[in-house]
Amino acid sequence: MTNLNIVIVGGGFAGVRMATALESTIEKTKEKYTIILVEKKSHFYHSIAGPRSTVDEIEERLLVPYTNLFKNKRNQVIQASAIRFEEHKLYLDKDVKNYGTSIDFAYLIIASGTDYAAPSKMPVVNYEDCLSYIRTARKQITNAESILIIGGGPVGVELVGEIRDKFSPKQKKITLVHSGGSVGGHIMPQKSKNKVLSLFKESQVNLILNDRVILPESAPLSTAFIPDEPIKTEKGETINADLVLIAYGSKPQSGWVKSSFPDTVSKEGYIDVKPTLQINKAGLEHVLVLGDVADLKETKMAYRTEPHVAVAIQTIKSLFEGKKPTKEYKSGPNMMVVTYGKYHGTGMLPIFNITVGDRVTSLVKGKTLFIDKSWASLNLTPPSSNSNDGKDEDEDEFY
Ligand SMILES: Cc1cc2nc3c(=O)[nH]c(=O)nc-3n(C[C@H](O)[C@H](O)[C@H](O)COP(=O)(O)OP(=O)(O)OC[C@H]3O[C@@H](n4cnc5c(N)ncnc54)[C@H](O)[C@@H]3O)c2cc1C
């Protein structure tokens, strides 16, 4: 094999974790592999804390530079978008130093994740643009008197909770419209769903279930927007909102894979993988898929990237040795913690579906939102927080 590049596409939770694990793995191989992480954004975006950025000035803590990701200078992060690939070549959307518009690879790791409306994901790619996007969104929320949130899954609930944590019902009216009959996400036990309902009631959130908003044709689906006129629902409700936030519609970032090998991508956009996390396509045994974009029938969660990477490393080690990979991925139990601001929320633990309430939710996630953990995964320390909450010792257990 002449080409020793291992290319990772996507520097989110899965790509970063894989990059670090791979770097220590290749230190022990006799071939001198080079890892190249291709990421369209200039900085890692800690999406888990996106909803809090709508009310707190934490944007500089949410954007983590990739500068310290690799210990060995041979490995590098390139800011570009992958647009398609062939058996051993990845094409980029721009010219990059030392490579041009394509990179040859021996192995390709696909970790391009999913897209979602801001502030859960960023619609812009460069640091200053992200900062200014978040600041503008926060100003819009501060100025709005009546906010409509569409979507009552975990992200919708967390958004409501953050806004309510900061602004009382007198300061802001919040309406949440959800097409389903209960809020909090489909895997949530009933007890947790009831807890969310009681939090909504206590904090005077106007909840409309089993109905859908009729979005104006001009409405952007990836960002907050200020509607020109009152918003209507399919069942005839009229909502006078001066700001609308979208909290539904996760989109797998697999268009570039589909344009390369269309039959590897499901109609929902997820990439077909074997249990060894190799892409399910003859001739592409050297291409692996992990993280949210993989078509694994499980919840899409950052904590799952740890077992994904454990299997992917075993698979790639077998491939290095010319052996058939045998380690198979099996989804672990569900676990989810949904915050409602810093001090409230609910969740379920992986054992016997035990539900947790305000205290545990706040302790494991609500106060710190795992921000320090993401900085640590990129071998950095975050800028200090303005909050007095500090880091709890057991905050790292949930992703
Ligand atoms: C509000 C919120 C709260 C959450 N809370 C939790 C939680 O408490 N615990 C938990 O475990 N999970 C949580 N999650 C889920 C978690 O964020 C996702 O599971 C996680 O982001 C998946 O990681 P990933 O690396 O697969 O994908 P992503 O994080 O989506 O990363 C993919 C990366 O690939 C890049 N990319 C995409 N396409 C290309 C391309 N063509 N070229 C180059 N780069 C590309 C993107 O820019 C991105 O950086 C939460 C999510 C949200 C939105």
Side-chain angles (χ1 to χ4, degrees), residues 7-19 36-54 62-64 66 77-85 90-94 109-125 130 151 153-159 161-162 185 247-260 269-271 289-294 296 298-306 308-309 332 334-339 345 347 350 361 364-366 368-371 373-374 377 395-399:
V7 173
I8 302 175
V9 175
F13 293 89
V16 162
R17 204 186 270 276
M18 184 65 187
I36 303 153
L37 187 140
V38 175
E39 164 58 52
K40 64 181 170 184
K41 289 188 275 79
S42 65
H43 287 59
F44 174 94
Y45 180 62
H46 183 75
S47 49
I48 295 175
R52 185 155 302 162
S53 73
T54 59
L62 299 197
L63 296 159
V64 191
Y66 288 105
V77 180
I78 284 175
Q79 191 189 354
S81 276
I83 50 173
R84 69 185 174 88
F85 71 101
L90 178 76
Y91 292 90
L92 307 174
D93 66 335
K94 61 176 166 201
I109 318 286
I110 299 176
S112 48
T114 52
D115 206 1
Y116 201 87
S120 296
K121 296 284 166 88
M122 275 294 104
V124 285
V125 295
C130 289
V155 175
V157 172
E158 292 198 345
L159 261 175
E162 293 301 339
Y248 68 89
S250 185
K251 290 181 218 70
Q253 298 278 82
S254 58
W256 65 281
V257 176
K258 193 169 183 178
S259 63
S260 316
Y270 294 101
I271 304 171
V289 188
L290 53 153
D292 278 8
V293 78
L296 296 163
E298 60 184 14
T299 49
K300 302 294 178 191
M301 300 291 289
Y303 77 83
R304 296 203 187 272
T305 62
E306 187 174 354
H308 290 186
V309 167
N334 284 327
M335 161 163 73
M336 183 175 274
V337 177
V338 178
T339 56
T361 303
V364 299
K365 179 173 172 186
T368 55
L369 297 172
F370 314 121
I371 293 174
K373 191 175 182 203
S374 280
S377 73
E395 80 148 17
D396 287 350
E397 297 302 314
F398 278 75
Y399 100 75

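Since the model is a prediction, treat every value here as computed from it, not as a measurement. Read the numbers this way: they start at 1 and go in the same order the structure lists the ligands and their atoms. All values below were derived from every heavy atom in this structure, side-chain atoms included, with hydrogens, water molecules and symmetry-related copies excluded.
- Taking every non-hydrogen atom of A14 and a distance limit under 4.0 Å, the qualifying atoms of ligand 1 come out as 24 (P), 25 (O), 26 (O).
- Remark: the backbone N or O of G10 is not paired with any side-chain donor or acceptor of E39 at under 3.5 angstrom.
- In this structure, CE on M122 lies 9.5 Å from OG on S47, to the nearest 0.5 angstrom.
- Every atom of ligand 1 with a heavy atom of G291 under 4.0 Å away is listed here by number and element: 26 (O).
- Of the options S112, G347, P51, S250, the smallest heavy-atom separation from atom 1 (C) of ligand 1 is shown by P51.
- Residues satisfying the side-chain contact (heavy atoms from CB on, under 4.5 Å) test with S112, not counting sequence neighbours, are V9, I110, Q253, W256, V293.
- Annotation: salt bridge (charged side-chain N to carboxylate O under 4.0 Å, His left out) contacts of K121 (sequence neighbours excluded): none.
- The distance from the CE atom of M18 to the CG atom of L290 is 6.0 Å, given to the nearest 0.5 Å.
- Within ligand 1, the atoms closer than 4.0 Å to a non-hydrogen atom of A111 are 32 (C), 33 (C), 34 (O), numbered from 1 in the order shown.
- When heavy-atom distances to ligand 1 are checked against a 4.0 Å cut-off, M336 has no atom that comes that close, whether in backbone or side chain.
- When heavy-atom distances to ligand 1 are checked against a 4.0 Å cut-off, Y303 comes that close through both its backbone and its side chain.
- Residue contact check for ligand 1: F370 places a non-hydrogen atom closer than 4.0 Å to it.
- In this structure, S254 contributes its side chain and G269 its backbone to a donor-acceptor pair below 3.5 Å.
- When non-hydrogen atoms are compared, ligand 1 lies under 4.0 Å from the side chain of E158 (C-beta onward) but not from its backbone.
- With contacts defined as side-chain heavy-atom distances shorter than 4.5 Å, the pair S374/Y45 does not qualify.
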Open item on the list: H308 vs L296, test: side chain to side chain contact (heavy atoms under 4.5 Å, CB included). Steps then yes/no.
Closed with: CA-CA 10 Å; H308 290 186; L296 296 163; 3.5 Å; yes

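- Any N or O atom pair closer than 3.5 Å counts here, and V155 shares no such pair with ligand 1.
- The closest approach between M335 and ligand 1 stays at or above 4.0 Å for every heavy atom of the residue.
- The proximity of P154 to ligand 1, defined as any non-hydrogen pair under 4.0 Å, does not occur for either the backbone or the side chain.
- Distance check: T299 OG1 to M335 CE gives 8.5 Å after rounding to the nearest 0.5 Å.
- Contact annotation for K300 and ligand 1: only backbone heavy atoms (N, CA, C, O) come within less than 4.0 Å of the ligand.
- Taking 4.5 Å as the limit, every side-chain heavy atom of F85 sits out of range of all side-chain heavy atoms of V7.
- A 6.0 Å sphere centred on NZ of K258 holds no more than 12 heavy atoms belonging to other residues, nucleotides or ligands.
- Distances from ligand 1 to the non-hydrogen atoms of S81 include at least one value under 4.0 Å.
- Taking 4.0 Å as the cut-off, G255 does not count as a neighbour of ligand 1 on heavy-atom distance.
- Atoms of ligand 1 found under 4.0 Å from any heavy atom of V38, numbered from 1 in the order shown, are 43 (C), 44 (N).
- The atoms of ligand 1 that sit less than 4.0 Å from any heavy atom of T114 are 30 (O).
- Judged by distance alone, with hydrogens and angles left aside, the side-chain atoms of Y66 form a donor-acceptor pair with the main-chain N or O of G11 at under 3.5 Å.
- Residue contacts with ligand 1: E39 is placed with a nitrogen or oxygen under 3.5 Å of a nitrogen or oxygen of the ligand (distance criterion only).
- For Y116, no heavy-atom contact with ligand 1 is shorter than 4.0 Å.
- To the nearest 0.5 Å, atom CG of residue L62 and atom CD1 of residue I48 are 11.0 Å apart.
- Proximity of V293 to ligand 1, defined as any heavy-atom pair under 4.0 Å, is not found for any part of the residue.
- Close N/O approach between K41 and ligand 1 is found [any backbone or side-chain N/O within under 3.5 Å].
- Comparing V289, I48, V364 against atom 14 (N) of ligand 1, the shortest heavy-atom distance belongs to I48.
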